[in-house]
Structure formats: C-alpha cells, structure tokens
Amino acid sequence: MLARLGYLSSAAVLSLMIGACENQQLSGEASPVKYSDPSMYLSDAEIIENYSNVSCESLRGLIDYLDQIGSTDYFRGLSGVIRYQPQSDRAENGAWLNLDQFASEEAIEVPSKLYLTKLDVPTRAFTLGFPKLNGEMIQNEEGENLLEYFSINFRSGLQLGLADEDGWYEFALLSDDGARMTLEETGENYIDNPDHHPTRMLCGQRAIYLKKGEALPININYFQGPKHHIALMLLWRKAVNMEDAGHDIACGEQGNSKFFDSTQNPPVPQAEFLGLVERGWEVVPAHVYRIPEDEYMNPCESDHVQEVIQENLNGVGE
C-alpha cells in the first residue's frame, strides 16, 4: 500500500479507511472490520519492508516528567532523519562542532528514520545508540554504533489537544549540543542555538498563538558532538501576549549539572529545572505533536507493527 499510495496524511488515511468500508457496503459484500490502527490495513510484507528499519524512542528520557497522556494515537510524534560526520572526514578536517556543518555534502544520511513521541531527553550520558525494530543498531561507516557527531532533523506539527487552551505560548529548547527550532511555513528560525556547548536553555523571543484544530508545522534540528552528554527537551508555557517571551531568568543559562544530575539513573532534576516548573514551564506533552502530513503513521505507536516485525525475526509462519 505504501509503495502504491505514498505516505498519506492522517486525514487521508482515515478517509481511505472510511471509503473502503462504504464501498464494501455499497457492493453488497460483508463490511470489513474498521481498525483504529492504520497498520492493520497493510500486509505483513508491507510492514516489514517499510518499518523494520526504523528506530523508536531511542532518545527518550527515562522519565516522562509531566506527561499524563497515556492513550495511543497513531498519528502523534516526531519523525527524524539522521546525518553524521564520517570518521574519515573528522580525521582529515577536524570534528564538526556547529549544526550547520551537518548540511555538508560530506555528511552521510542514515537510511533508518527515528520516531519519538515527544522531545523529553534530560541531560545524561549517551551510550546506548539507536536500536532498530529489526534488532540491529544504527551504525557508522566503520561498523560502530552511532554515538557522536550526528544530527537529527525532526519534523512534526504542534496542535493543541481538547483540554488545552487557545492562546499565546512561549517555547524554549534545552539542549546539549546545538539545536534550532524552525517554523516550517515561514522558514523563520524561532530558536537558533547551533554551537557546541553543555546543556543550555535558549528561549524564543516572541510568543506564538496556538488555536485548537490548527497545526503549527515545525522542524527541530539537533546535533550531538562528543558523546559525553546528550540533552534535548522542548519546553513551553502560557504567555500573556506576543512580547511576553524570552524573559525567564534561566534563558541563556548553561551547565551539564545545572538542570539535571546526569550521574544518576534516571537523571535527577536539579533546583534550576524545578524552578522552571514552578514558573509554569513544562515539557511539551506527547499529545501535542502530530506526525508530518506526508507520512502514513508513527509505526512506533503500533503494537501490531512491532509484533509483525518480531514474528518475522523469530521466523514465525515460515
């Protein structure tokens, strides 16, 4: 189906499902089961071909600090493309320590996509790498697990849930190393923090008005330099008006132990982060992120996708 139809928006997927059911009824045939999981409309072969190579949740924080949304939504999340600096280029020309360098022709793009439900990675050591659904790890050209000198370009749309209030919101990125938030429709770099640094909070300088039913397409571009620490969190809080943004006392502050104690497992929030929470900041919750409209679904939200891939790995049905 994916090869024939391409990646569809969530609305298009639902229309396709409803239309298929109606056509069956009009033709006098038995009405098929209506699935909520769009992967149920794919064959096992299509699932294996399109999704066994993806990586799920490998950058997620070990604690979902403030997210109380636990329901499955097959169209929420972020889709990421990974690029890295080859070791040969690093040895010859030096390490890339700025986000823009990963746009170089020398960068290698990984064929595996990375899906997250939200950006909630508190400062910690990054030693696990990116496991794929097929049981393999994402590796560099030397056959080593990819742990450093890579970038991830995440695409998503921010859309308020039913319980969220319309209004002005300010955003901030807490990252180690550089990160950039771009508003896709205008190309504006709303937050631009591209350099190599310890965990730093950088804030947008104006608030953005969000309204239920309207998605705000965004790109979050991030890079990891040396592998000692990693952090990537998108925060938000309500604002009074457009100018009510970028004034928090923590904006511009940095330090690998300033916001979280990364020596603990899981990382422990420090006074600086707890102060953010007291002042109304929170991690943007998972239900706000919507998968880009040109993608079929978030396969990492589907138990069926993972079961089919696991059964294939175990040789079930052969």
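Keep in mind that what you see is a predicted model, and the values were worked out from it rather than measured. Numbers here are sequence positions counted from 1.
Looking only at distances, a side-chain donor or acceptor of Ser55 sits under 3.5 Å from a matching main-chain atom of Pro131. Between the side chain of Asp177 and the backbone N or O of Gly225 there is at least one donor-acceptor pair closer than 3.5 Å. Distance alone, capped at 3.5 Å, is enough to place a donor-acceptor pair between the Ser156 side chain and the Gly77 backbone. Looking at Lys212, its side chain does come within 3.5 Å of a backbone N or O of Asp164 through a donor-acceptor pair. Here the side chain of Tyr149 pairs no donor or acceptor atom with the backbone of Gln87 at under 3.5 angstrom. Listed for the Glu106 side chain is no donor-acceptor partner under 3.5 Å among the backbone atoms of Pro86. Judged by distance alone, the side chain of Glu253 and the main-chain N or O of Met201 form no donor-acceptor pair under 3.5 Å. In this structure, the side chain of Gln224 engages the main chain of Pro226 through a donor-acceptor pair within 3.5 Å. Counting only distance, with no hydrogens or angles, the side chain of Gln85 and the backbone of Gly94 share a donor-acceptor pair below 3.5 Å. In this structure a side-chain-to-backbone donor-acceptor pair under 3.5 Å is present from Asn140 to Gly143.
Residues Asp37 and Met297 form a side-chain contact, since some pair of their non-hydrogen atoms from C-beta on lies under 4.5 Å apart. The shortest side-chain heavy-atom distance between His229 and Phe126 does not fall under the 4.5 Å cut-off. Between Pro217 and Glu185 the shortest side-chain heavy-atom distance falls below 4.5 Å. Side chains of Lys258 and Gln270 form no contact here, defined as non-hydrogen atoms less than 4.5 Å apart. Gln159 is not listed as a side-chain neighbour of Phe75, based on a closest heavy-atom distance of 4.5 Å or more. Counting only heavy atoms from C-beta outward, the side chains of Leu173 and Asn193 never approach each other to under 4.5 Å. The shortest side-chain heavy-atom distance between Asn265 and Arg124 does not fall under the 4.5 Å cut-off. Residues Tyr74 and Pro299 form no side-chain contact, since every pair of their non-hydrogen atoms from C-beta on lies 4.5 Å or further apart.
Linking ILVMFWY residues whenever their side-chain heavy atoms come closer than 4.5 Å, directly or via other members, places Ile47 and Tyr41 in the same cluster. Leu78 and Leu183 fall within the same hydrophobic cluster, defined by Ile, Leu, Val, Met, Phe, Trp and Tyr side-chain heavy atoms under 4.5 Å apart, directly or through other members. With hydrophobic clusters built from ILVMFWY side chains whose heavy atoms lie under 4.5 angstrom apart, Leu202 shares a cluster with Tyr190. Using a 4.5 Å cut-off between side-chain heavy atoms of Ile, Leu, Val, Met, Phe, Trp and Tyr, with links allowed through other members, Val240 and Leu160 fall into different hydrophobic clusters.
Of the charged side-chain nitrogens involved, none lies within less than 4.0 Å of a carboxylate oxygen, so that Asp166 and Lys211 do not count as a salt-bridged pair. Checked for salt-bridge contact, Arg200 and Asp195 miss the test: no charged N lies under 4.0 Å from a carboxylate O. Remark: Glu282 does not engage Arg237 in a salt bridge, criterion side-chain N to carboxylate O under 4.0 Å.
Thr123 and Asn256 are not linked by any side-chain donor-acceptor pair at a separation below 3.5 angstrom, with hydrogens and angles left out of the test. Looking only at atom types and distance, the side chain of Asp248 has a donor-acceptor partner in the side chain of Trp281 under 3.5 Å away.
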Pair Phe150-Phe130, ring-ring contact (aromatic ring centres under 6.0 Å, His included): steps then yes or no: CA-CA 12 Å; Phe150 60 82; Phe130 300 95; 5.2 Å; yes
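Counting non-hydrogen atoms of neighbouring residues, nucleotides and ligands closer than 6.0 angstrom, the CD atom of Glu165 reaches no more than 12 such neighbours.
Relative ring orientation between Phe171 and Trp236 is described as tilted, the plane-to-plane angle lying within the 30° to 60° band. Aromatic ring pairs are classed by plane angle as parallel below 30°, tilted from 30° to 60° and perpendicular above 60°; the pair Phe260 and Phe273 is tilted.
Taking Ile, Leu, Val, Met, Phe, Trp and Tyr as hydrophobic and joining them when side-chain heavy atoms fall under 4.5 Å apart, one finds Phe102 in a cluster with Trp96, Leu99, Phe223.
Within the model, atoms OG of Ser112 and CD of Glu136 stand 8.0 Å from one another, a figure rounded to the nearest 0.5 Å.
Shown are Asn189, Asn219, Asn153; of these, the side-chain hydrogen bond (donor to acceptor under 3.5 Å, both in side chains) with Thr182 is made only by Asn189.
Ring pair Tyr51/Tyr296: centre-to-centre distance not below 6.0 Å.
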